[in-house]
S.K.: 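Sharing a structure, written as structure tokens. Questions coming.
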2 protein chains.
Amino acid sequence: MASTSNTSSPEEQTHDAITAEEITGEEPPNSPQTSTDPSSQKRPNAFTELMSSSKKPKPTAAFTSQSPGALQKAKDASKGWDPRNGLALYIEKPETNPEGRVVEYDDDYVVINDKYPKASVHLLLIPRKPEYYTQHPLQLLSTATAFRAEVCNRVARLKVLAASELRRQYGHLSVSDTPYQEALEVLMSSTDDPPPPKERAALLPPGRDWLSDIVAGVHTHPSMNHLHIHVFSREMQSPWMKHKKHYLSFNTTFLVRLEEFPLDEGSERFHPGKWPNWDMKCWRCGKNFKNKFAALKVHLEEEFEQWKKE
Amino acid sequence: MASTSNTSSPEEQTHDAITAEEITGEEPPNSPQTSTDPSSQKRPNAFTELMSSSKKPKPTAAFTSQSPGALQKAKDASKGWDPRNGLALYIEKPETNPEGRVVEYDDDYVVINDKYPKASVHLLLIPRKPEYYTQHPLQLLSTATAFRAEVCNRVARLKVLAASELRRQYGHLSVSDTPYQEALEVLMSSTDDPPPPKERAALLPPGRDWLSDIVAGVHTHPSMNHLHIHVFSREMQSPWMKHKKHYLSFNTTFLVRLEEFPLDEGSERFHPGKWPNWDMKCWRCGKNFKNKFAALKVHLEEEFEQWKKE
DNA sequence: TATTCCGATAGTGAC
DNA sequence: GTCACTATCGGAATGAG
């Protein structure tokens with residue numbers, strides 16, 4: 001079955017949203033015992049199921065660039081390797097599914113799982129055309145109407161995908177999702193040929209609104225050179241959520257949400273000033289942790305335990 | 001022989017200047033392989049030899065204070081234990097030779113090896129009378145003429161003692177000390193009854209001027225509550241020399257040398273301002289290390305190697 | 001400016 | 001605002017019975 005295979009042939013434009021360590025052996029910096037249910041790791045995830053449906057973007061002919069090795073050598077020779085260009089790999093050769101992180105791609109966009117996710121779900125939508133990915137995200141999203149519309153369309157679908165992944169990870173612990181979970185159990189076990197994921201929604205009660213905890217937006221001053229849109233869950237539970245700036249960059253106005261565009265031409269949002277010095281406040285209860293990141297981390301785990309059970 | 005014994009009976013007012021770990025098992029925070037010659041650890045040191053001579057201060061009758069336990073409990077009850085009062089122990093019961101650190105004492109003063117020495121030799125001269133030890137060192141040394149004179153007399157002798165200890169530790173590596181070292185070798189091996197330390201100086205060539213690298217002074221804002229005068233060697237080689245403020249406090253005008261007293265009444269020396277932000281400069285070559293303590297430490301070891309060979 | 005522990009802050013280098 | 005490493009800087013508690 002396609003949903004459990006892990007092919008990376010050029011003919012396939014979608015990939016299982018597998019974790020990095022399954023391919024590369026890379027591991028999170030800290031043991032993530034408290035962040036995820038180990039039993040959920042073995043099930044097919046939401047990316048797998050939704051992306052194998054019929055609504056996915058269509059692939060094109062094989063991408064005809066130089067070999068990655070040649071490109072890499074050229075960059076190294078000219079100015080040395082620059083970690084801020086790390087996203088180029090996915091733009092140039094998505095069909096090779098680098099590091100097993102590609103969720104889907106077509107001629108114009110690639111979607112990946114963030115290499116250092118700051119939440120349980122953390123996707124990046126990356127335009128593949130230089131006319132887009134070389135631009136500053138606030139500028140481009142405020143002025144290029146067609147680009148913005150296309151991004152909004154794709155993000156709308158990715159948010160549903162991300163919400164579905166949240167349900168896969170935590171649905172069994174959620175009180176408000178119980179109607180959905182129980183109906184799903186019945187639906188999947190009542191026949192030898194259960195309906196595909198896309199047809200299930202119409203057959204099931206709504207359950208919890210996971211979509212309300214998915215956010216999409218861009219950083220005012222991205223560190224990575226290629227324009228990218230973050231789609232992530234709000235709970236901020238990840239072993240890669242390690243620094244104050246990590247938290248602030250996703251939980252302050254330093255993040256411009258997609259629905260805030262277009263910005264006014266002279267908007268102050270373009271110049272957040274000393275944002276790394278801003279206080280850290282809990283995304284859920286609003287408690288101010290000032291600059292105490294370690295205390296915030298402890299608190300976020302407590303909020304996470306409550307949030308899952310909602 | 002007294003010079004190699006380690007008695008702490010009330011009748012004795014001097015003690016071998018043994019290292020702390022010989023008594024308490026305490027060890028330096030980092031392995032001190034590079035700071036001292038292991039072979040020198042087994043020989044009697046300069047404190048032992050000089051303090052067993054006839055010029056030492058005379059002891060008095062047993063010190064009649066409350067028991068240390070009673071004093072300790074009183075402090076604990078009133079305001080809790082305070083590490084800034086750590087020197088009280090030596091003032092109150094020097095005859096018990098606490099932690100093996102007492103070099104000498106009498107009714108009025110006690111001399112100890114600093115518990116956390118910042119150099120190869122680091123003594124503290126501590127007055128035992130509350131009328132002195134409760135005062136601010138800059139104020140008292142600038143105004144109490146008799147006290148200052150007494151301190152200067154004692155420090156003059158302690159500097160000779162410290163210089164002798166430097167010679168014991170590093171003399172065998174010193175080019176300019178060769179005449180002394182060779183003559184000493186001859187003197188000590190030519191007879192079965194070598195002269196006592198105090199008589200040797202007249203029989204030997206001067207050799208290296210170790211005294212020129214011994215400094216005495218007080219901190220402008222001491223952390224320890226009981227007034228104390230530092231007598232130390234300049235090379236700053238010690239596993240307890242670990243922080244910028246350690247270095248600055250012994251190598252800037254934050255240290256007021258004994259010969260600088262009395263200070264003028266309105267002297268700026270009383271208010272060094274933001275001294276912990278001052279640059280660190282090598283005591284020997286003057287090189288400015290700004291705030292790079294780790295780099296300074298490496299450099300100090302290099303200077304140390306050269307300095308020993310002078 | 002006592003130490004020690006922990007953590008926040010800052011600079012660098014990286015393919 | 002990429003990470004990872006080192007080191008600097010900053011506050012709080014501190015022993016012993």
S.K.: Please determine whether a side-chain nitrogen of the Lys or Arg among A/E260 and A/R269 lies less than 4.0 Å from a carboxylate oxygen of the Asp or Glu.
M.R.: yes
S.K.: Report the residue (B/F254 or B/K292) whose heavy-atom-nearest nucleotide on DNA chain C is the more 5′ of the two.
M.R.: B/F254
S.K.: For A/E104 and A/Y109, does a side-chain donor sit closer than 3.5 Å to a side-chain acceptor?
M.R.: no
S.K.: Could you state the atom-to-atom distance from CE of A/M241 to P of D/dA4 in whole Å?
M.R.: 14 Å
S.K.: Of the nucleotides D/dT8, D/dT2, C/dT9, which one has an atom closest to the side chain of A/H228?
M.R.: D/dT2
S.K.: Looking for any heavy atom pair under 4.0 Å, which part of the strands does B/H219 touch: base, sugar-phosphate only, or nothing?
M.R.: sugar-phosphate
S.K.: Taking the side chain of A/M224 as heavy atoms from C-beta outward, which of D/dT2, C/dA14, C/dT3 is closest to it?
M.R.: D/dT2
S.K.: In whole angstrom, give the distance that lies between atom NZ of B/K115 and atom P of D/dT14.
M.R.: 17 Å
S.K.: Would the number of heavy atoms belonging to other residues, nucleotides or ligands and lying under 6.0 Å from CD of B/E259 be above 12?
M.R.: yes
S.K.: Which whole-number value in Å describes the distance from A/N277 CG to C/dA10 C1'?
M.R.: 12 Å
S.K.: Kindly say if A/K118 contacts the phosphate of D/dC3, meaning a side-chain N or O under 4.0 Å from OP1 or OP2.
M.R.: yes
S.K.: In whole angstrom, give me the gap between the C1' atoms of C/dT4 and D/dG17.
M.R.: 22 Å
S.K.: Would you call B/E99 and B/R101 a salt bridge, taking side-chain N to carboxylate O under 4.0 Å as the test?
M.R.: yes
S.K.: Closest to the A/Y116 side chain: C/dA14, C/dT9, D/dA4?
M.R.: D/dA4
S.K.: May I have the distance from A/W278 (atom CH2) to C/dT9 (atom P), rounded to whole angstrom?
M.R.: 16 Å
S.K.: OP1 or OP2 of D/dC3 versus the side-chain N and O atoms of A/H243: is any pair under 4.0 Å?
M.R.: no
S.K.: Would you mind reading off the distance between A/W240 atom CH2 and D/dA4 atom P, rounded to a whole angstrom?
M.R.: 9 Å
S.K.: Verify the contact: side-chain N or O of A/K242 to OP1 or OP2 of D/dA4, cut-off strictly under 4.0 Å; return yes or no.
M.R.: yes
S.K.: To the nearest Å, how far apart are B/F289 CZ and D/dT8 C1'?
M.R.: 16 Å
S.K.: Could you state the CH2-P distance from B/W275 to D/dC9, rounded to the nearest angstrom?
M.R.: 12 Å
S.K.: Is a side-chain N or O of A/S233 found less than 3.5 angstrom from the main chain of A/I214, in a donor-acceptor match?
M.R.: no
S.K.: What's the CG-P distance between A/N291 and C/dG7, to the nearest Å?
M.R.: 13 Å
S.K.: Does any nucleotide pair with C/dC6 by Watson-Crick or G-U wobble geometry, both distances under 3.5 Å, and what is it?
M.R.: D/dG10
S.K.: Between B/R84 and B/A294, which is nearer to the 5' end of DNA chain D once each is assigned its nearest nucleotide?
M.R.: B/A294
S.K.: What nucleic acid atoms does B/P222 come within less than 4.0 Å of, heavy atoms only: base, sugar-phosphate, or nothing?
M.R.: sugar-phosphate
